[in-house]
> 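My structure is below; once you've seen it, I'll send some questions.
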There are 2 protein chains.
Amino acid sequence: MYTYEYPHPAVATDIVIFTLRDQQLKLLLIKRRGKPFKGQWALPGGFVRLEESLETAAKRELEEETGVRDVYLEQLYTYGNLNRDPRERVITIAYFALIASDKIEVRADAEAVDWFTMDEIPDLAFDHQKIVKAAHQRLSAKLDYSTIAFQFMSEKFTLSELQNVYETILQAKVDKRNFRKWVLALERIEETGEIKSAESHRPAKFRP
Amino acid sequence: MYTYEYPHPAVATDIVIFTLRDQQLKLLLIKRRGKPFKGQWALPGGFVRLEESLETAAKRELEEETGVRDVYLEQLYTYGNLNRDPRERVITIAYFALIASDKIEVRADAEAVDWFTMDEIPDLAFDHQKIVKAAHQRLSAKLDYSTIAFQFMSEKFTLSELQNVYETILQAKVDKRNFRKWVLALERIEETGEIKSAESHRPAKFRP
DNA sequence: ACAAAAGTGTTGTATATACACCCATGA
DNA sequence: TCATGGGTGTATATACAACACTTTTGT
């Protein structure tokens, strides 16, 4: 038991984990085993331990669910409305994470874990629907003024693959020549010299 | 006394309150009366009560220090490093607020409260230096892609006054004609018909 | 030889920037 | 009448958007 002179809320982190699979933007949800909202889908997350920072807590949760370290992780927003959680007052610091899908180790205990596209998302526990929406907006906005989408790519990739990522997230076609002009102007990419074979047609170059 | 099965951190809000006075961007600091960092300057803030939301808590603090309601308030970031506070684990949700200086009622008990320009800021308690820096960066960034600076204006103002606000925050001269072109294109401003007298020269028009 | 994706420049359009003079008022 | 800030337009540069054909490879 832990006692305090004044009441303390509980503090948690929840993570919106995005990846790209099958040419679609997907996010990770877990089916709740525990008490409130049991059996319902929710964002991965959990309470912050006293001996870890907020970001450490988020990283721990992330690794527990996906087996991945060293991913792009960004604090999203903090939610603290009164009745978010029926048990007690819980404040959650929401993070969002982007992962290249080939880095993900699917966990063994992962029966109640699945990836959902944005329009497949079921009813979520707590206020997680709101959090997911905010994360998606942030991601969309950042595509325009940052190179955040690179986080979805693996070590080596072709420009066409990168363009596909943009088209998938933006849900729109992008002009190939303008796109390549823009990407190359960033000077964040260099050629590997390697050439992609397979898939029955002309091969490509490149990497970041 | 309040007891919990698991340890809970304390949760606070801190607010970076900006205003413009004497042609300078200033922020509000209070001199700590209480135990940790006693006598040192710090951001206004305090613990979140269980019966209020985070934003409500921030608004309450804001009103306590400035006597102002209905101001621009935006969640900035949440800080939760381990040793931010020597007393116990404290997580703080930082907000930033913008106020038109003529709306501020200086509080009677305000002896240990003062406004500081960005380069006058003394050593601050906790990690408040970091929070102030983040708030200032956010404010600067938002000038470019939003109309956030309007929050510093009172009901009626002239275009020259608004331009002064931009020049003050950006620390740079702005072209008068281009500025007016941009502002009027926003269509967020309308003329009042009123005309400003005093100050010994040609009078101006306008309002938002 | 053909299907499929890779690769490559130019032109027009919109947006942002630079710049100088006359006007109205209070003292 | 003069000092002071208010008010106004145009020309240029820069960034963004539209657009079509040739090349390479695997089957």
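Letters A, B, ... mirror the listed sequences (proteins, then strands); counts begin at 1.
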> Can you measure A:L162 atom CG to C:dG7 atom C1' for me and round it to whole angstrom units?
16 Å
> Rounded to the nearest angstrom, tell me the gap between atom CD in B:E161 and atom P in D:dG7.
10 Å
> Look at B:S160 and D:dG6 and indicate whether a side-chain polar atom (N or O) is within less than 4.0 Å of OP1 or OP2.
yes
> For B:D144 and C:dT15, what is the distance between atoms CG and C1' respectively, to the nearest whole Å?
15 Å
> Rounded to the nearest Å, what distance is computed from the CZ atom of residue B:F157 to the P atom of nucleotide D:dG6?
14 Å
> Which nucleotide wins on minimum distance to the side chain of B:N178, given the candidates D:dA18, D:dG6, C:dA18?
C:dA18
> Could you tell me how far apart A:E167 (CD) and C:dA5 (P) are, to the nearest whole angstrom?
13 Å
> Could you check B:K181 against B:R177 and say which one's nearest nucleotide on DNA chain C is further toward the 5' end?
B:K181
> Is the B:Y77 to B:Y79 ring centre distance short of 6.0 Å?
yes
> Of B:W182 and B:D175, whose nearest nucleotide on DNA chain C comes first from the 5' end?
B:W182
> Taking the side chain from A:H128 and the backbone from A:L43, do they hold a donor-acceptor pair closer than 3.5 Å?
yes
> Take atom NZ of A:K176 and atom C1' of D:dA18, then tell me their distance rounded to the nearest Å.
15 Å
> Starting at atom CZ of B:F179, determine the distance to atom P of C:dA18, rounded to an integer number of angstrom.
16 Å
> In whole Å, I'd like the distance from the CG atom of A:L170 to the P atom of D:dA17.
12 Å
> Going through the checks in order, is the side chain to side chain contact (heavy atoms under 4.5 Å, CB included) test met by B:L184 and B:W182?
CA-CA 6 Å; B:L184 296 176; B:W182 172 75; over 6 Å; no
> Thinking salt bridges, do A:R89 and B:E51 make one under a 4.0 Å N-O criterion?
no
